[in-house]
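Below is one structure, written out as structure tokens; the observations come after it.
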Amino acid sequence: MTGLTTLQGKAAPLDQANIDTDQIIPKQFLTGVTRSGYGIHLFHDWRYLDLHEQEPNPDFSLNKPKHAGAKVLITRENFGCGSSREHAPWALADFGFTCIIATSFADIFYGNCVNNQLLPIALPSEQMDKLFAAIEADPDVIFNVDLPNQSVQVGSISFSFEIAEHHKENMVKGLDAIGQTLEFDSEISSFEDKRRVWL
Amino acid sequence: MAQTLFDKVWNAHIVEQLGEDTLLYIDRHLIHEVTTPQAFAGLNEKGRKVRRPDLTFGTMDHSISTRSLALDACGPQNKLQLQTLADNCAEHKIALYPVGHKNQGIIHVIGPQLGLIHPGMTVVCGDSHTATHGAFGALAFGIGTSQVEHVLATQTLKQTKGKSMKVEVLGKLPLGVTAKDIILAIIGEIGHAGATGHVIEYCGQAIDDLSMEERMTICNMSIEAGAKAGLIAPDEKTIAYLENKDFAPSKEHWDNAVEYWKSLASDVDASFDTVVTLHAKDIQPQITWGTNPGQVVGVNQAVPSPDDFSDPIEKESAIKALKYMGLEAGQTWDQVKISHVFIGSCTNSRIEDLRAAAKVAITGKVKNNVTAIIVPGSVAVKEQAEKEALDVIFKEAGFEWRLPGCSMCLGMNDDVLQPGDRCASTSNRNFEGRQGRGSRTHLVSPEMAVAAAITGSFTDSRQFGE
Ligand code: SF4
């Protein structure tokens, strides 16, 4: 995977709390056997007026021309709650997002994002309010996200964010997590030698 | 230092401490068709092997038909996904219980039923309801597909330890109130993100009094409270449940295993990051009214008004949810008419659930214009129910008796609701569109679901049966 350091781009707002994985990518699109091609189905129920994805819902934020091409999604509390389906970050990334900024994330979803180079940033709700206001004032405003320095800068505002050191390192370097763990092969083997016999 | 049950299981699985992260050994890896194809593809691309096929078990449950055993019964895409699982398991020598096998069923139903889950284990699966297995005092949690690949390749996972939450339910549960009502009441109390970042330990008399199957119902919905895992300390019931199960420890190791399991309880002076206390006597049969599992009330309470919520986000969510659900504030539940009933899912499709449902079903008939289906959690549950002639009771009452699978819990097969359909469902999620675009889901216990089927609207199930 390629590393992620900084990104610049427009942001699209989804001003709603508790957006669950069934909304991000509904079940009927989970029958795939590859990791690609989910972007078209992202937010299916909200984004399309029909079942066949022919009629975009003009009122849905991501369909508005002013938000076209956004790389950052900004939203509210508990984003990604519900199922463990990794199809959710796959769909978001496939649609074109590289970063999600929200008030908070559900645990499993957060980990799934990190494992797919989709940067999840949690910020306090007052700061989120300011980001929403910035897009409202100018939909073309550019978000500058700097992962190594853990900062988000939009116009005159700048916020720092928290991310665990190991998540940051993996994302910045685009490391292969499995390859890293396989370096501990002998430690895993010696753990296995000591496991209880009935296991 | 005093330790919680969570600490004990965690500490027993540390392969290596890597800064804040722990490389944790995984004792049991459960797999199904939806979240694994990309993981196996990843392994194959890099020429990696499955490290411990002997600790990995698979079944088919999500995208299968409940009317036919044919893999293509729900279309070519579902078939491809199911066939891909079969091919991957064959190639990597993983035990698979496919459609038609006597051990097949919803992954979280068959794991315990086969004795695959022991106290003190670490258990993972590419499915958020893996928390079900915490009922055995195992640390069990759902993972994404990248992590499935990681576990296949290394039998370990890198994890940061979560916080601990104790949820105690004190006193005796009132008659006619179920495990489903306890967990819904807990989620109603703490909110559906209330336990984010935590592992829950459930305890107290009301929990001790529950059977293993009821405990699974509780732990199953830990994720609906935001927790990755929920567990309950093993006791005599846990040990009795496991005895003589196919994958329980063999006779020669049984006593040692039991001795170890008995050490798996939180120390009396162990401290938790968060403690929540409920009184069992306050819990009534529950119904969700909204589009997240925390939007729940007792059957004798009316549909709430957005003005009942002081928090602006909750208020906003309530407005949206009432609109989606087609409900009015102040409506009483007998005024809410249903079109469908679904009894099944990894929350409530075990034999005890079906027995409880049958006790209500025997008292009446499914109302005209209501479609009611019963989907047993596994082949073994189905066979046991048929042995007890529960299927006869259900069929005579007008329920459809289906083949085991996830079915209408998420509708990856053809068990899907239409826009505007209103369903009393024993499953675990009431998100918008969960059971079909525009459909409305109310989460309830099996008893409440049957009572709704009979009356055609929501009714206190305590009026039925004995
Ligand atoms: S029954 Fe529902 S919640 Fe359980 S594993 Fe199947 S789809 Fe998931």
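Sequence lines set the chain letters: A, B, ... in the order given, protein chains first and strands last, and positions in each chain run from 1.
Between B:G411 and A:K27, the shortest heavy-atom distance links the atoms O-CG, 3.6 Å. Taking all atoms of both residues into account, the shortest heavy-atom contact from B:P37 to A:G32 is CG-O, 4.2 Å.
In the model, A:R196 has no side-chain atom that pairs as donor or acceptor with a side-chain atom of B:H253 under 3.5 Å. Counted by atom type alone, B:E432 and A:W46 present one or more donor-acceptor pairs between their side chains at under 3.5 Å.
Chosen from A:T21, A:V33, A:L30, the residue pairing most often with chain B at heavy-atom distances under 4.5 Å is A:V33. Among the candidates A:Q180, A:H166, A:K194, the residue making the largest number of heavy-atom pairs closer than 4.5 Å to chain B is A:H166. Among the candidates A:W90, A:F191, A:Y110, the residue making the largest number of heavy-atom pairs closer than 4.5 Å to chain B is A:F191. Comparing B:A193, B:A257, B:G433 by heavy-atom pairs within less than 4.5 Å of chain A, the highest count is held by B:A257. Ranked by non-hydrogen atom pairs under 4.5 Å with chain A, the options B:I143, B:T35, B:T130 are led by B:I143. Per-residue heavy-atom pair counts under 4.5 Å with chain B were compared for A:Q23, A:H87, A:Q28, and the maximum is reached by A:Q23.
Only the side chain of B:L18 comes within less than 4.5 Å of a heavy atom in chain A; its backbone stays farther off. For a residue to count as touching a neighbouring chain, one of its non-hydrogen atoms must lie under 4.5 Å from one of that chain's; by this rule A:N78 touches chain B with the side chain only. In this structure, the portions of A:S189 lying under 4.5 Å from any heavy atom of chain B include both its backbone and its side chain. When heavy atoms are compared at a cutoff of 4.5 Å, A:N112 approaches chain B solely by way of its side chain, counted from C-beta outward. For A:E187, the parts sitting under 4.5 Å from any heavy atom of chain B are the backbone and the side chain alike. Both the backbone and the side chain of A:D185 come within contact range of chain B, with heavy atoms under 4.5 Å apart. Within the 4.5 angstrom heavy-atom criterion, atoms from both the backbone and the side chain of A:S83 approach chain B. Looking at B:Y260, only its side chain comes within 4.5 Å of chain A, counting heavy atoms on both sides. Looking at A:H44, the atoms closer than 4.5 Å to chain B (heavy atoms on both sides) sit in the backbone and in the side chain alike. If you measure heavy-atom distances from A:F109 to chain B, you find no contacts under 4.5 Å at all.
Note on B:E149 versus A:R35: salt bridge recorded, some NZ/NE/NH1/NH2 to OD/OE distance being below 4.0 Å. The pair B:E316-A:R76 does not count as a salt bridge, with every side-chain nitrogen at least 4.0 angstrom from each carboxylate oxygen.
Although no hydrogens or angles enter the test, the distance criterion places a donor-acceptor pair under 3.5 Å between the side chain of A:E86 and the main chain of B:S146. Judged purely by atom type and a 3.5 angstrom limit, B:Q77 has no side-chain atom pairing as donor or acceptor with the backbone of A:T31. With hydrogens and angles disregarded, a donor-acceptor distance shorter than 3.5 Å links the side chain of B:R429 to the backbone of A:G82. With A:D107 contributing its side chain and B:T196 its backbone, the two residues share no donor-acceptor pair below 3.5 Å.
Note that CZ of B:F431 is 4.5 Å distant from SG of A:C81, once rounded to the nearest 0.5 Å. Rounding to the nearest 0.5 Å places OG1 of B:T156 at 4.5 Å from CD1 of A:I188. The distance from the OG atom of B:S128 to the CZ atom of A:R85 is 8.5 Å, given to the nearest 0.5 Å. In this structure, CZ on B:R48 lies 5.0 Å from CD1 on A:I178, to the nearest 0.5 angstrom.
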Report task. Apply side-chain contact (heavy atoms from CB on, under 4.5 Å) to the pair A:V197 and B:E252, showing each step before the final yes or no. Result -> CA-CA 10 Å; A:V197 281; B:E252 83 179 290; over 6 Å; no
Query - side-chain contact (heavy atoms from CB on, under 4.5 Å) evaluation trace for B:H150 with A:N115 - result: CA-CA 11 Å; B:H150 192 282; A:N115 287 331; over 6 Å; no
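Figure legend: A:R195 and B:Y25 shown without cation-pi pairing, the cationic atom not lying both under 6.0 angstrom from the six-membered ring centre and within 45 degrees of its axis.
Using a 4.5 Å cut-off on side-chain heavy atoms (C-beta onward), B:E20 and A:H167 make no contact.
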